[in-house]
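Quick notes on the structure that follows.
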Amino acid sequence: MRCLLNIWGVMLFLRVSWVVGQSGIILALVTVLLGNVVTTITTLSMSAVATNGRIQAGGVYYMISRSLGPEFGGSIGLMFTLANSIASATYIIGFCDSLKDLLKYYADGAQIVDGAVNDTRIVGTVTLIAVLALAIVGMDWVTRVQMALLFLLIGSQIDFVVGAFMGPLTEESEAQGFLGFNADVMSENVGPAYRDNDGSSQNFFSVFGVFFTAVTGIVAGANLSGDLKDPADAIPKGTLLAILTTCLTYLIYPIMIGASVLRDASGNLTLYQEYKDLPYWENPAFTNCSTTGYVDELGNPVCEFGLQNSFQVMELMSAWGPLIYAGCFAATLSSAIASLVGAPRVLQALAKDKLYPGIFLFSKGTGANNDPVRGYILVFIISFICIMIGDLNVVSTLLSNFFLASYSLINFSCFHASLIKSPGWRPSFKYYNLWISLLGGILCLIVMFLIDWVTALITFIITIALYLFVSYRNPNVNWGSSTQAQTYVSALKTTLDLNTVEEHVKNYRPQLLVLSGFAGARPPLLDFAHCITKNISLLACGHVIQGHQTQRVRNSLSRQAYSWLNKHHIRAFYSLVEGSTLEDGARNLFQLVGLGKLKPNTVVLGYKANWRKCDPVELTAYFNTLHEALDMYFGVIILRVPQGLDYSQIIEDEDSPVTMNGNETNITQTPEDKPGQSTTNQLTQDGTDSEASTPPGSPQAERAGAVVETNAADSKKRRTSLANLFRGPGGAELSKEVLNNITMFKRKQKKGTIDVWWLYDDGGLTLLVPYILSTRSQWSGCKLRVFALANRKDELDMEQRSMANLLAKFRIDYSDVIVIPDVAKKAAESSRMEFDQMVEDFKEKSKDDVDKPENALTISEAEFLGQREKTNRHIRLRELLLENSRDSSLVVMTLPMPRKASVSAPLYMAWLETLTRDMPPFILIRGNQTSVLTFYS
């Protein structure tokens with residue numbers, strides 16, 4: 001019913017005759033068919049979307065937002081609300097204009113004030129108040145009134161048809177061009193006769209643009225989806241039947257009008273009677289318009305009546321003219337009611353989803369039907385302002401474009417959902433086709449530009465602006481839209497395509513697996529890794545849990561980790577594995593993380609600063625993890641910072657909300673579920689078991705499928721600065737020093753140097769990583785200094801030139817190249833004594849200690865003597881580091897190779913401790929001998 005009322009609008013009574021006069025009967029029928037093709041395709045698409053699950057309140061907005069996502073839905077929803085609010089005013093103004101015409105012809109030109117805009121304002125305001133009162137009373141009364149208006153519309157059309165067959169009853173009607181069914185008249189009106197109208201030239205497309213607004217009421221029923229008992233059944237049937245019925249009338253009426261009424265008639269009764277016996281094409285009453293006194297914009301005389309000149313042709317042809325006016329009143333008022341009732345419901349659905357700030361107050365409804373009274377008042381205010389303007393011709397085409405934009409997206413929703421073949425796309429309505437839906441969407445866009453290309457561009461700009469605004473706000477919603485499904489399809493296709501791409505050194509990227517533990521435990525480590533990948537390379541966080549955990553706990557940890565990563569704007573994956581030790585868990589990560597060629601090639605981990613005090617099993621696991629990584633051809637990066645990496649004891653536990661089994665609940669951790677009791681130490685910096693000391697907090701409740709409602713407004717404000725990204729236990733503010741340490745790799749670094757000690761050829765990773773860091777904004781003020789080794793002093797100049805030439809070929813920007821000649825020189829006695837004191841507790845005390853398993857982590861005398869030269873080399877390197885790089889911003893050095901058969905874990909860790917202790921942030925890097933730099937373009 002509501003679709004019938006909107007499609008049988010004021011255009012039926014005032015513009016169909018004009019379309020026939022301009023385009024002729026044939027092209028008028030083409031215009032009607034083309035318009036209905038667009039609306040029929042759109043209805044088929046809408047029916048498919050509407051029957052793919054339960055449709056709630058919100059109509060077009062609900063369907064588009066759930067199909068294409070909040071960005072498209074939010075932009076169309078707001079535009080649709082505004083368009084319907086203004087449209088309500090335009091319909092009421094149309095009612096006022098028809099009323100003024102009725103008074104002019106049937107009440108001797110009666111008027112209230114001036115018979116012009118002030119009368120429109122008075123009558124329009126009264127009418128708007130009446131429509132508002134009707135809407136507030138409730139949908140039952142709206143339905144009753146609209147039913148009465150529908151009968152009035154049908155009655156007025158019957159009056160027109162009867163009058164057409166009766167023919168002209170007076171000579172005055174004949175003088176005005178109504179001659180009754182006449183083959184000659186029909187023959188003359190078959191072809192087009194385009195003329196200028198209101199100062200603009202007309203053609204098929206401009207006339208089509210005017211007519212198309214008559215058939216844009218197909219979503220009137222869908223907009224009230226929340227009030228329908230079964231929207232999935234009612235929307236397709238009701239809308240398609242309405243289109244079929246109205247299409248038949250719009251096809252029949254142009255033929256009747258074109259066969260009965262002339263294009264031009266002066267209305268001069270005396271002149272017509274004088275030449276009545278002549279054929280109409282010779283009668284001056286139809287051929288000479290100079291007697292009317294009417295002229296066009298150029299001063300040429302025009303006739304007052306006829307298809308080209310009068311909008312009251314249907315009233316002229318009717319059996320009783322006032323009933324046509326009543327039908328016109330019914331058309332305008334029913335459309336006004338539909339707009340004023342539909343717009344607040346779309347706004348209410350939009351407000352519930354919180355896509356725009358400040359509109360949530362319109363989500364509250366009243367009464368059994370949840371009527372949006374606040375929305376009614378807002379739409380009333382907008383419509384009232386428009387009625388006070390009194391003339392809305394300027395925005396009429398913009399409204400049509402708003403509606404067409406929504407229709408285009410409905411078609412695209414159906415096309416997109418069908419194209420990606422998501423298993424969840426199972427509409428019960430089967431009479432649709434993805435390519436026909438695409439055609440319908442394109443036709444809607446074409447019609448937008450045919451109506452007016454300027455307003456079409458304005459519509460595009462508004463839609464894009466609203467889309468970008470919603471996208472920027474990034475609402476936390478999960479509606480299962482086809483765009484989400486498209487993300488999966490695109491990612492899958494690209495990942496599979498990547499398998500066919502041959503690797504090349506020019507395209508090498510460090511793809512990092514960070515052994516971070518839980519994401520929030522070691523922020524500096526993740527920030528450092530993120531500086532390297534910066535969203536253009538793979539970054540994965542690895543977390544090893546010791547012992548078996550329930551899937552519920554695993555899901556909770558994963559949810560919390562991704563929540564932390566999103567909050568800190570780090571684009572990364574999170575992988576959780578179980579293992580008896582770090583070594584076992586890391587081995588699983590090395591084997592499983594990644595997909596196809598989208599997998600890590602470099603492992604990043606923190607330096608184990610408590611290696612002298614920790615359990616020997618932990619130290620062995622850490623040492624063996626390095627071996628596992630290198631044995632599996634991973635590059636290795638070890639980061640050490642003076643203040644440590646593990647802040648799990650200092651930062652509050654950031655719980656992420658979850659939903660368990662569809663119910664809002666918190667996980668109650670039983671003893672066997674508590675991961676903190678069985679989590680292995682991975683990369684501890686401060687001597688504590690960071691994982692065991694920071695069990696994941698219990699997840700909290702989250703509203704599924706809608707915007708997350710947290711404590712709210714404050715949480716987003718807290719994220720606006722680095723100072724509020726981290727809080728101590730209980731939300732306490734951290735000291736400036738601690739905060740600076742945590743965010744050291746987020747902040748802009750002071751001007752300084754990045755010292756690169758390239759000791760061995762590892763494929764170039766030791767050079768590439770610091771170069772990448774130097775290109776990041778945080779490190780843009782730091783210059784690269786490259787240190788290399790020379791075998792003899794007399795080779796210094798040659799080695800320096802060779803290294804400079806090599807860096808130039810690699811296109812590595814550097815500020816200085818320094819060649820160290822005496823690295824093999826014997827280290828100072830004090831340095832050697834310091835090293836001996838460091839490893840004293842690990843030296844075997846007697847030969848009997850070697851066979852004791854609890855003392856397996858010892859440095860034998862043979863090993864100590866056999867590695868004497870390497871030990872001296874590392875001690876000497878420390879002296880050179882203190883001499884050259886003590887004040888640098890970052891030190892990067894090639895990682896010594898941990899040869900498992902020849903060096904023990906304590907001795908190897910002593911070497912690393914010697915190199916990195918009391919130094920600026922220090923990175924030890926070892927490539928996998930794969931070249932990552934090339935000379936060639």
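All values below were derived from every heavy atom in this structure, side-chain atoms included, with hydrogens, water molecules and symmetry-related copies excluded. Throughout, numbering of the chain's residues begins at 1 and tracks the sequence.
- When all heavy atoms are compared, the tightest approach of G73 to Y61 is O-CD1, 3.0 Å.
- A distance-only check finds a donor-acceptor pair linking the side chain of S206 to the backbone of N203 [under 3.5 Å].
- The shortest heavy-atom contact between S406 and V60 is CB-CG1, 4.0 Å.
- The CD1 atom of I387 lies 9.5 Å from the OG1 atom of T90; values are rounded to the nearest 0.5 Å.
- The CH2 atom of W453 lies 9.5 Å from the CD1 atom of I458; values are rounded to the nearest 0.5 Å.
- Judged by distance alone, with hydrogens and angles left aside, the side-chain atoms of S88 form no donor-acceptor pair with the main-chain N or O of N84 at under 3.5 Å.
- Side-chain contact between F449 and L457 is present, with at least one heavy-atom pair separated by less than 4.5 Å.
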Would you sort out whether L150 and W8 count as a side-chain contact (heavy atoms from CB on, under 4.5 Å), showing the intermediate values?
CA-CA 9 Å; L150 178 60; W8 276 338; 4.2 Å; yes

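- Using a distance-only test at 3.5 Å, with no hydrogens or angles considered, a donor-acceptor pair links the side chain of T40 to the main chain of N36.
- The backbone N or O of G74 sits less than 3.5 Å from a side-chain atom of Y356, completing a donor-acceptor pair.
- The distance from atom CG of L350 to atom OG1 of T81, rounded to the nearest 0.5 Å, is 6.0 Å.
- Between the OH atom in Y432 and the OG1 atom in T51 there is a gap of 8.0 Å [rounded to 0.5 Å].
- Annotation: side chain of Y91 is not in contact with side chain of T127 (no heavy-atom distance under 4.5 Å).
- With contacts defined as side-chain heavy-atom distances shorter than 4.5 Å, the pair T43/I235 does not qualify.
- Between L68 and S482, some side-chain heavy-atom pair lies under the 4.5 Å cut-off.
- With hydrogens and angles ignored, the 3.5 Å screen pairs no side-chain donor or acceptor of S65 with any backbone N or O of P70.
- Classified by interplanar angle (parallel below 30°, tilted 30° to 60°, perpendicular above 60°), the ring pair F329/Y325 is tilted.
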Intermediate values then yes/no, ring pair (Phe, Tyr, Trp, His ring centres under 6.0 Å), F13 and F160
CA-CA 10 Å; F13 298 97; F160 161 72; 8.7 Å; no

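- Summarising the geometry of L44 relative to Y431, their closest heavy-atom pair is CD2-O, 3.4 Å, with the distance given to 0.1 Å.
- Side-chain contact between M448 and L445: present, with at least one pair of heavy atoms (C-beta onward) separated by less than 4.5 Å.
- Under the 4.5 Å side-chain criterion, counting only non-hydrogen atoms from C-beta, L78 is not in contact with L82.
- Note: F212 and F208 have tilted aromatic rings, judged against thresholds of 30 and 60 degrees for the angle between ring planes.
- To the nearest 0.5 Å, atom CD1 of residue I337 and atom CG of residue L149 are 5.5 Å apart.
- Taking every heavy atom of both residues into account, Y250 and A214 meet most closely at OH-CB, 3.7 Å.
- Atom CG of L419 sits about 11.0 Å away from atom SG of C414, to the nearest 0.5 Å.
- Remark: the backbone N or O of I243 is paired with a side-chain donor or acceptor of T246 at under 3.5 angstrom.
- Atom NZ of K493 is surrounded by 12 or fewer heavy atoms from other residues, nucleotides or ligands within 6.0 Å.
- Under the 30°/60° scheme for interplanar angles, the aromatic rings of F412 and F415 are found to be tilted.
- For the residue pair S418 and W425, the shortest heavy atom distance occurs at OG-NE1, 3.2 Å.
- Using modelled atom types, no side-chain atom of D159 and backbone atom of S318 make a donor-acceptor pair closer than 3.5 Å.
- Sorted by first and then second residue, the side-chain hydrogen bond (donor to acceptor under 3.5 Å, both in side chains) pairs involving residues 147-158 (not counting sequence neighbours) are Q157-Y253.
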Go through it in stages, so that I can follow the logic: the residues are L340 and L134, the test is side-chain contact (heavy atoms from CB on, under 4.5 Å), and I'd like the CA-CA distance, side-chain angles, deciding distance and then a yes or no.
CA-CA 10 Å; L340 192 138; L134 179 64; over 6 Å; no

Between S437 and S45, does a side-chain hydrogen bond (donor to acceptor under 3.5 Å, both in side chains) hold up when you go through it step by step?
CA-CA 6 Å; S437 296; S45 300; 2.8 Å; yes

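- With hydrogens and angles disregarded, a donor-acceptor distance shorter than 3.5 Å links the side chain of S334 to the backbone of A331.
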Could you walk me through whether N478 and Q484 pass the side-chain contact (heavy atoms from CB on, under 4.5 Å) check?
CA-CA 9 Å; N478 182 18; Q484 290 177 287; 3.1 Å; yes

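- For F80 and F402, the ring centers are positioned 6.0 Å apart or more.
- Two residues are said to be in side-chain contact when any heavy atoms from C-beta on lie closer than 4.5 Å; I255 and L29 meet this criterion.
- Side chains of F72 and V470 form no contact here, defined as non-hydrogen atoms less than 4.5 Å apart.
- Residues T249 and P254 approach most closely at O-CD, 4.2 Å, considering heavy atoms.
- Judged by distance alone, the side chain of N52 and the main-chain N or O of R426 form a donor-acceptor pair under 3.5 Å.
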Walk me through it: do I218 and T42 pass the test side-chain contact (heavy atoms from CB on, under 4.5 Å)?
CA-CA 9 Å; I218 58 173; T42 303; 3.9 Å; yes

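- Listed for the R15 side chain is no donor-acceptor partner under 3.5 Å among the backbone atoms of V210.
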